[in-house]
Amino acid sequence: MSNILILGGTTEASALASALADRGERAVLSYAGRTGKPRAQPVPVRIGGFGGIAGLVDYLRRERVTHLVDATHPFAATMSGHAVAAAQEAGVAHIMLTRPPWVASEGDRWTHVPDIPAAVRAMEGEAKRVMLALGRMHVDSFAAQPQHHYLLRFVDAPAEGPALPRHGLIVDRGPFTPEGDMALMREHGIELIVSKNAGGGGAEAKLAAARMLGLPVLMIDRPPSPAARVTHEVREVLDWLHQAADRGV
Ligand code: NAP
């Protein structure tokens with residue numbers, strides 16, 4: 001029988017865990033441990049880093065994992081790189097389950113930057129009211145542009161306040177709607193949105209809201225992903241599991 005390790009922290013990982021539980025498959029979902037209250041899951045959960053590639057290889061061998069599904073966030077590049085290397089070393093079948101990136105459509109005013117430092121540099125200049133839709137790990141980098149007022153929206157209340165001199169903080173897990181985000185942007189007089197190109201439905205509302213309000217978006221493109229088999233659909237992961245099992249991988 002297959003023994004599946006899902007690297008999670010995303011809605012895709014949770015959807016896959018449900019699909020596997022429904023089919024009576026043996027699976028464990030792994031979280032990095034960044035979020036205070038991860039949602040309840042229908043499969044066993046483990047929390048915390050593995051200790052680099054070597055630690056993950058040990059885990060895969062010790063737990064007799066047969067299939068590794070990397071369903072981490074597209075910006076979790078370190079974990080994804082480790083997953084490819086460890087699966088290869090341990091001889092475990094590997095696939096990435098990830099959301100397609102967002103693509104600009106008519107009316108969008110996006111400027112693309114390759115990473116967070118480039119986004120910070122691009123924000124030199126006069127003070128603006130900025131919605132910084134990034135998650136708490138990266139907001140402190142924007143202290144290098146202290147002239148702006150930043151509106152932050154986090155999943156959990158942070159233990160320590162962000163290191164930004166002028167900011168407002170909203171704690172909300174969503175789901176968000178274009179109408180709700182439009183109202184929020186109007187209420188806070190937002191002039192610019194900074195977003196990572198995460199893809200997926202949950203965080204897209206702010207981009208639709210920006211389009212409707214004619215606001216510019218500074219879009220941080222994804223880090224390069226490792227050479228690996230990639231799918232965007234839970235169903236395709238299930239097909240892959242059965243094909244790999246048939247081949248005795
Ligand atoms: P990262 O920079 O790629 O990973 C840093 C380290 O965290 C990894 O080397 C690993 O530690 C540990 N780690 C990451 N994901 C893990 C997982 N699912 N299970 C166990 N250990 C994990 O990752 P990150 O960007 O900090 O993201 C951390 C988690 O948050 C991921 O689960 C990701 O899916 C989720 N997330 C990230 C973002 C984002 O924008 N980056 C957004 C939403 C959710 P060891 O080397 O010790 O194994």
Side-chain angles (χ1 to χ4, degrees), residues 4-17 20 27-39 41 43-63 65 67-90 92 94-99 101-102 113-117 119 132-142 152-156 158 162 171-176 194-204 206 218-226 228 230 232 234 237:
I4 303 144
L5 176 64
I6 309 166
L7 302 175
T10 59
T11 46
E12 292 72 23
S14 301
L16 177 63
L20 292 173
V28 168
L29 179 56
S30 174
Y31 284 120
R34 305 271 194 275
T35 311
K37 277 182 259 156
R39 64 161 113 150
Q41 293 290 345
V43 299
V45 166
R46 69 161 296 288
I47 298 178
F50 297 93
I53 297 171
L56 182 53
V57 170
D58 283 350
Y59 179 93
L60 296 173
R61 290 191 173 135
R62 193 173 62 241
E63 299 296 326
V65 173
H67 296 78
L68 177 58
V69 183
D70 174 7
T72 54
H73 191 273
F75 279 78
T78 305
M79 186 70 254
S80 291
H82 289 183
V84 168
Q88 197 174 15
E89 197 174 328
V92 168
H94 170 280
I95 197 166
M96 289 178 83
L97 170 63
T98 186
R99 323 157 188 181
W102 293 313
V113 287
D115 51 26
I116 303 268
L132 199 54
L134 291 184
R136 70 193 146 95
M137 284 185 292
H138 300 297
V139 300
D140 287 355
S141 309
F142 288 82
L152 312 171
R153 182 163 64 188
F154 292 163
V155 171
D156 292 313
V171 177
D172 192 348
R173 276 181 188 231
F176 305 112
V194 181
S195 169
K196 291 193 284 194
N197 195 338
E204 205 174 6
K206 60 180 176 284
L218 190 58
M219 182 62 79
I220 303 167
D221 289 333
R222 295 179 173 197
S225 57
V230 180
H232 301 310
V234 166
V237 177

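Atom set for the values below is all heavy atoms of this structure, side chains included, hydrogens, waters and symmetry mates excluded. On a predicted model such as this, the values are computed, not experimentally measured, just so you know. Atoms within each ligand, like the ligands themselves, are counted from 1 in listed order.
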Exercise. Have a look at Leu56 and tell me which of Ile53, Asp58, Leu60 forms a side-chain contact (heavy atoms from CB on, under 4.5 Å) with it.
Key: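 Single pass found, and it is Leu60.
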Self-check item: Candidate list Met219, His138, Arg222, test side-chain contact (heavy atoms from CB on, under 4.5 Å), partner Lys196, passing option
Solution: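 Answer after filtering Met219, His138, Arg222: His138.
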Quiz item: Would you say Val237 and His67 make side-chain contact, with heavy atoms under 4.5 Å?
Solution: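 No, every pair of side-chain atoms sits at 4.5 Å or beyond.
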Quiz item: Measuring from each atom of ligand 1, which residues have a heavy atom under 4.0 Å away?
Solution: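 Around ligand 1, where the cutoff is 4.0 Å for heavy atoms, the contacting residues are Leu7, Gly8, Gly9, Thr10, Ser30, Tyr31, Ala32, Arg34, Arg46, Gly48, Gly49, Phe50, Gly51, Gly52, Thr72, His73, Phe75, Ala76, Ala77, Thr78, Met79, His82, Met137, Lys196.
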Self-check item: Flag for Glu12-Thr98: side-chain donor and acceptor within less than 3.5 Å
Solution: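 On atom types as modelled, these side chains do not qualify, holding no pair under 3.5 Å.
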Quiz item: Any idea which heavy atoms bring Pro74 and Ala198 closest together, and the distance?
Solution: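 Taking every non-hydrogen atom into account, CG-O, 3.4 Å.
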Quiz item: Residues in ring-ring contact (aromatic ring centres under 6.0 Å, His included) with Phe50, at least two apart?
Solution: Tyr59
